[in-house]
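All remarks here apply to the structure that follows.
Throughout, protein chains are lettered first and strands after them, A, B, ... in sequence-line order, and every chain is numbered starting at 1.
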Amino acid sequence: MTILVYDVDEGRIRKAKLKDYVEIVKALMQLIPEGRVSTYGSIAKALKINPKLVGKIVKMNDEPVIYPCHRIVKSDGSFGGYSGLGGTIFKKRLLEFEGVKVSKNGKILSEHISDIMDLLC
DNA sequence: CATCGAACCAACC
DNA sequence: GGTTGGTTCGATG
């Protein structure tokens, strides 16, 4: 099952492209409150796409502050990448600043991680 | 727990 | 057609 979108310019239904997913992911990211994170996998599941694509998508995010791509992490609690200024280190510090606690082995405590679908409710 | 490899799907070459 | 991602999941030491 693939996601379809209505393309206003072309005036027809077509399969979603990466640019469309970017818009969706932007909206989803804004649902994640401070001190809480979601995972590439849960977003991938929601959009029916490959988790690796989610990485690519959040990377295309043009407004890193407005759309908090740093609140998306790997499902095992490790941080995943960050292409913005400061890289993964900055991502880590940013999350800790927002109140996310990290265990000694460098993993985010599971209490902070929620499925993106749960945040929709 | 840590590491390994196969598998996911759209873009790009 | 093949490679490439800010990855995942299950299997194995």
Taking only heavy atoms on the protein side, list every residue of [range] lying under 4.0 Å from any atom of DNA chain C, sorted numerically.
{"range": "residues 31-46 of chain A", "value": "A/Tyr40, A/Gly41"}
{"range": "residues 8-19 of chain A", "value": "none"}
{"range": "residues 69-78 of chain A", "value": "A/Cys69, A/Ile72, A/Lys74, A/Ser75"}

Without decimals, in angstroms, what is the distance between [X] [atom1] and [N] [atom2]?
{"X": "A/Ile57", "N": "B/dC9", "atom1": "CD1", "atom2": "C1'", "answer": "10 Å"}
{"X": "A/Asn61", "N": "C/dG6", "atom1": "CG", "atom2": "C1'", "answer": "12 Å"}
{"X": "A/Lys59", "N": "B/dA11", "atom1": "NZ", "atom2": "P", "answer": "16 Å"}
{"X": "A/Leu47", "N": "C/dG5", "atom1": "CG", "atom2": "P", "answer": "21 Å"}

Under 3.5 Å, which donor-acceptor pairs do the side chains of residues 63-74 of chain A form with other protein atoms, sequence neighbours left out?
unit_1, atom_1, unit_2, atom_2, d
A/His70, NE2, A/Glu98, OE1, 3.4
A/His70, NE2, A/Glu98, OE2, 3.1
A/Arg71, NE, A/Glu98, OE1, 2.9
A/Arg71, NH1, A/Ile32, O, 2.7
A/Arg71, NH2, A/Glu98, OE2, 3.0

Can you list everything that forms a side chain to side chain donor-acceptor pair (under 3.5 Å) with A/Ser78? Sequence neighbours excluded, please.
A/Asp76
For A/Ser38, what residues pass the side chain to side chain donor-acceptor pair (under 3.5 Å) criterion, not counting sequence neighbours?
A/Ser42
List the atom pairs, donor and acceptor, that lie under 3.5 Å between side-chain atoms in residues 105-121 of chain A and the rest of the protein, sequence neighbours left out.
unit_1, atom_1, unit_2, atom_2, d
A/Asn105, OD1, A/Ser103, OG, 2.5
A/Asn105, OD1, A/Lys107, N, 3.2
A/His112, ND1, A/Gly35, O, 3.2
A/His112, NE2, A/Lys101, N, 3.0
A/Ser114, OG, A/Arg36, NH1, 3.3
A/Asp115, OD1, A/Met117, N, 2.8
A/Asp115, OD2, A/Lys45, NZ, 3.3

Could you state whether [X] and [Y] fall into the same hydrophobic cluster, counting links through intermediate Ile, Leu, Val, Met, Phe, Trp or Tyr residues with side-chain heavy atoms under 4.5 angstrom apart?
{"X": "A/Leu47", "Y": "A/Met60", "value": "yes"}
{"X": "A/Ile3", "Y": "A/Tyr6", "value": "no"}
{"X": "A/Leu31", "Y": "A/Leu94", "value": "no"}

Heavy-atom side-chain contact between [X] and [Y] under 4.5 Å:
{"X": "A/Tyr82", "Y": "A/Ile89", "value": "no"}
{"X": "A/Leu18", "Y": "A/Ile57", "value": "yes"}
{"X": "A/Phe79", "Y": "A/Val102", "value": "yes"}

Side chain to side chain contact (heavy atoms under 4.5 Å, CB included) with A/Phe97: which residues, sequence neighbours excluded?
none
Under 3.5 Å, which protein N or O atoms sit close to an N or O of nucleotides 5-8 of chain B? Give each pair with its distance.
unit_1, atom_1, unit_2, atom_2, d
B/dC8, N1, A/Asn50, ND2, 2.7
B/dC8, O2, A/Asn50, OD1, 3.1
B/dC8, O2, A/Asn50, ND2, 2.6
B/dC8, N3, A/Asn50, ND2, 3.2

Donor-acceptor list for residues 20-29 of chain A side chains, cut-off 3.5 Å, not counting sequence neighbours:
unit_1, atom_1, unit_2, atom_2, d
A/Asp20, OD2, A/Arg14, NH1, 2.9
A/Asp20, OD2, A/Lys17, N, 2.6

Looking only at non-hydrogen atoms, find the nearest pair between A/Phe90 and A/Leu85 and report the distance.
CD2-O, 3.3 Å
Specify the residues of residues 20-29 of chain A, ordered by number, for which at least one heavy atom lies under 4.0 angstrom from an atom of DNA chain B.
none
Can you list every stem that DNA chain B is part of, counting only runs of 3 or more consecutive Watson-Crick or G-U wobble pairs with both distances under 3.5 Å?
B:1-7 with C:7-13, B:9-13 with C:1-5
